[in-house]
Q: 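Pasting a structure here, questions to come.
Everything numeric in this text was worked out from a predicted model, so none of it was measured. Note that ligands are numbered from 1 as they come in the structure, with each ligand's atoms numbered from 1 the same way.
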Amino acid sequence: MNPSRRLLLKHLAFRAAEISPRDGLVSIPPDGERFVAWPEVMERSKRLATAMVAWGVRPGDRIATLAFNDHRHIDAYFAVPCLGATLHPINVRWNLEEMVSVLEHTRDRIVFVDAGLMDRAIALADRCPWIEHLVRMGPRASDGDPPAVRSGVTISDHEELLETSDPIADWPDPEEHDVMAMCSTSGTTGIPKTVAYSHRTTCLHTMAIGLTDCMRLSGQDTLLAVVPMFHALGWCFPYACGMLGSRLVLPHRDLRPERLLDLLVEHEVTTSVAVPTVWDAVLAAVTASPGRWDLGRLERIVSGGAAPTASMIRGFRDQHGVEVIHSWGMTEINPVCTMSPAATTREEAALDPDDRLRHQQVAGRPLPGLTLEIEDEDGRPLPHDGASIGRLLVSGWWVAEEYAFGHPDGERFGADGRLDTGDVASIDDHGRMAIRDRGKDMIKSGGEWISSLALERAIGDFPEVATCAVVARPDERWGERPIAVVSIAPGASLDLATLQRRLAENFEPWQCPDDLILVDSIPLTSTGKIDKKTLRTRFLV
Ligand code: ADP
């Protein structure tokens with residue numbers, strides 16, 4: 001195949017430099033806000049590529065990043081894969097041991113590091129003898145003693161590399177099945193699992209996420225990227241903006257809800273992407289200070305990575321006219337699989353807004369090129385009737401075929417191309433998928449299943465509740481019983497009897513939690529999801 005016909009990132013990610021040369025990135029690292037136009041993004045990537053070639057980087061080499069969302073991280077995001085090497089974003093919230101355990105497989109030669117994370121990178125280089133270069137991304141370091149690092153490792157300044165390197169003349173032509181990035185799951189379920197994405201899978205995925213029936217991204221949008229670029233390739237939003245010429249606002253490290261609200265208003269953001277815990281906090285902050293932030297420009301936000309509550313979707317809709325597009329995905333799916341806007345079909349558009357909200361609350365339809373199925377415990381296909389609940393399997397254009405370095409969970413990749421997601425779901429007769437629970441979070445009481453997610457959604461809608469998690473407590477008689485762990489909204493109170501009475505409207509008594517534990521805050525994972533592993537150890541063992 002002629003290289004021009006291949007699905008290569010370089011054909012897609014730099015399109016904005018041609019079609020929207022005056023738009024670009026608004027990057028807000030601690031050393032000050034910076035606008036980088038799309039042609040400059042391309043120029044910087046080409047300069048960085050030359051610097052990496054000078055270090056002998058070859059196709060297939062792995063190059064890590066340890067950084068937040070900013071323009072310097074974007075340089076590596078575009079330059080590394082387009083050079084034919086493999087981009088490997090490291091989750092900055094992992095502890096040193098977790099990082100080392102991932103790098104023992106990926107053996108990255110270079111690490112691009114945010115200036116604020118240099119201590120961690122130096123400790124990492126100490127433990128990983130294959131690291132040759134650390135590139136410090138930040139303001140130019142003031143003169144003084146350079147930080148001490150293991151011998152054999154150089155520390156370079158990112159901006160200086162760009163200044164002293166000429167742009168690479170031509171990008172190479174890898175094969176479209178060549179790996180362009182590797183990402184590891186955040187470890188909600190234990191040891192990180194690393195997945196490889198190819199040029200082909202990332203191009204197809206990036207083309208799909210912006211579609212009208214997905215998130216309607218266009219060159220007229222300004223997108224605030226809250227989802228970290230170090231997790232699941234930032235859902236490919238950097239590449240989607242580079243493809244379409246949308247303005248991309250990169251907030252760096254500080255993601256407090258008040259700051260996000262300031263950014264949404266100041267940069268006239270039209271759309272944004274984050275996990276539901278972030279949107280819950282943003283909604284609570286804007287509601288607590290009426291009149292302080294006007295979200296008039298914000299049209300729609302994507303909430304994914306965990307289940308949203310109906311009250312969050314309704315709150316954005318009714319108080320701010322903002323549509324919440326619910327998305328479901330996983331690292332193994334590059335990562336987006338479904339998007340659920342307020343209405344997809346003519347039939348849905350004609351529905352009453354509250355009926356639409358019911359559909360928005362479910363994960364929705366797969367993106368074009370992906371297929372969803374459900375099966376019972378014996379592997380028999382279940383009907384798409386909205387009521388049958390079973391193991392969720394996904395197959396299609398950008399579903400991974402394996403873990404890059406193996407893992408006991410590798411059995412979930414079927415020889416038939418289907419990935420057992422580990423989630424439990426139903427699919428209705430319009431192809432709308434609803435996640436009913438994570439397989440391992442389902443609670444088995446007296447031989448019957450209780451969905452922790454269904455209880456969390458119901459309890460999360462109580463006005464007194466800020467965040468809620470439902471976990472299983474071992475029980476001699478029933479095997480497991482549900483326990484609710486709740487953080488309460490300021491000034492509110494809640495007791496077990498009230499909780500059980502209210503739940504009784506929609507749940508059987510045996511499905512309701514046996515206990516209510518009030519906590520100041522619910523622990524979150526490094527990607528902002530409820531950390532059930534920690535909750536189980538803290539309260540139940
Ligand atoms: P992990 O959370 O295992 O570290 P991922 O970030 O890849 O890794 O998360 C994938 C999982 O997150 C899915 O299998 C699912 O359980 C959960 N998830 C993602 N999006 C949603 C959603 N919209 N609703 C419910 N669960 C979700």
Q: Check each heavy atom of Arg438 against ligand 1 and say whether those closer than 4.0 Å belong to the side chain, the backbone, both or neither.
A: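 Within the 4.0 Å criterion, Arg438 contacts ligand 1 through side-chain atoms alone.
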Q: Check whether Phe462 forms a cation-pi arrangement with Arg502 (NZ or CZ under 6.0 Å from the six-membered ring centre, at most 45° off the ring normal).
A: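 Geometry flag: set, cation within 6.0 Å and 45°.
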Q: Using non-hydrogen atoms of the residue, decide whether Ser327 is closer than 4.0 angstrom to ligand 1.
A: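 True for this residue.
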Q: Examine Ser303 against ligand 1 and note whether any of their N/O atoms are separated by less than 3.5 Å.
A: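 No; the residue has no nitrogen or oxygen that sits under 3.5 Å from a nitrogen or oxygen of the ligand.
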Q: Show the atoms of ligand 1 that are less than 4.0 angstrom away from any heavy atom in His326.
A: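 With His326 as reference, the close atoms of ligand 1 come out as 22 (C), 23 (N), 24 (N).
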Q: Counting neighbours of CH2 on Trp478 that are heavy atoms of other residues, nucleotides or ligands and sit closer than 6.0 Å, is the number greater than 12?
A: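 No, because the 6.0 Å sphere around CH2 of Trp478 holds 12 heavy atoms or fewer from other groups.
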Q: Can Gly422 be said to touch ligand 1, with heavy atoms closer than 4.0 Å?
A: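 Checking ligand 1 against Gly422, which is what was asked, there is no heavy-atom contact under 4.0 Å.
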Q: For ligand 1 and Glu332, I'd like to know whether there is a polar contact (N/O to N/O, distance under 3.5 Å).
A: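 Such a contact does not occur with ligand 1.
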Q: If we check side chain to side chain contact (heavy atoms under 4.5 Å, CB included) with Met182, which of these qualifies: Asp108, Leu233, Thr194?
A: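 When Asp108, Leu233, Thr194 are each tested with Met182, the side chain to side chain contact (heavy atoms under 4.5 Å, CB included) holds only for Thr194.
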Q: Does ligand 1 come near enough to Asp423 that some N or O of the ligand is less than 3.5 Å from an N or O of the residue?
A: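 There is such a contact, yes.
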Q: Would you say Trp328's side chain and Pro366's backbone share a donor-acceptor pair under 3.5 angstrom?
A: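 Between the backbone of Pro366 and the side chain of Trp328 there is no qualifying donor-acceptor contact (under 3.5 Å).
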Q: Kindly identify the option in Lys529, Lys193, Met330, Gln361 whose heavy atom sits closest to atom 12 (O) of ligand 1.
A: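 Selected option, by shortest heavy-atom distance: Lys529.
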Q: Could you walk me through whether Leu367 and Trp397 pass the side-chain contact (heavy atoms from CB on, under 4.5 Å) check?
A: CA-CA 10 Å; Leu367 269 50; Trp397 291 344; over 6 Å; no
Q: By number and element, which atoms of ligand 1 are closer than 4.0 Å to a non-hydrogen atom of Thr185?
A: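 Contacts of ligand 1 toward Thr185, numbered from 1: 4 (O), 8 (O).
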Q: Determine, step by step, whether Leu12 and Thr206 satisfy the side-chain contact (heavy atoms from CB on, under 4.5 Å) criterion, reporting the C-alpha distance in whole Å, the side-chain angles of both residues, the deciding distance to 0.1 Å, and the verdict.
A: CA-CA 9 Å; Leu12 172 146; Thr206 303; 3.9 Å; yes
Q: If only atom types and distance count, is the side chain of Arg107 paired as donor or acceptor with the main-chain N or O of Glu104 below 3.5 Å?
A: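 Answer holds: yes.
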Q: Could you state the interatomic distance from OG1 (Thr65) to NE2 (His88), rounded to the nearest 0.5 Å?
A: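 With rounding to 0.5 Å, OG1 (Thr65) is 8.0 Å from NE2 (His88).
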Q: As an exercise, identify every atom of ligand 1 less than 4.0 angstrom from a heavy atom of Thr331.
A: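 Reading through ligand 1 atom by atom, the close ones are 5 (P), 6 (O), 7 (O).
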Q: Under 3.5 Å between some N or O of ligand 1 and some N or O of Ile435?
A: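 So ligand 1 has no N or O lying under 3.5 Å from an N or O of Ile435.
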Q: Quick check against the 3.5 Å criterion: does Thr537 have a side-chain atom that pairs as donor or acceptor with the backbone of Thr534?
A: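 A pair under 3.5 Å: yes.
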Q: Relative to the heavy atoms of Ala307, which atoms of ligand 1 are at a distance of less than 4.0 Å?
A: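 Result: 22 (C), 24 (N), 25 (C).
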Q: May I ask you to identify, for Pro308, whether its side chain, its backbone, both or neither come under 4.0 Å of ligand 1 on a heavy-atom basis?
A: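 No part of Pro308 is near ligand 1 at this cut-off.
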Q: Decide whether Thr185 and Thr331 meet the rule of one side-chain donor and one side-chain acceptor closer than 3.5 Å.
A: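 Distance-only check fails for Thr185 and Thr331.
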Q: Which option out of Gly305, Pro335, Ala306, Ala232 puts a heavy atom nearest to atom 17 (C) of ligand 1?
A: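 Answer by nearest heavy atom: Gly305.
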Q: If the cut-off is 4.0 Å to any non-hydrogen atom of His231, which atoms of ligand 1 fall inside it?
A: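 Ligand 1 atoms under the 4.0 Å threshold to His231: 6 (O).
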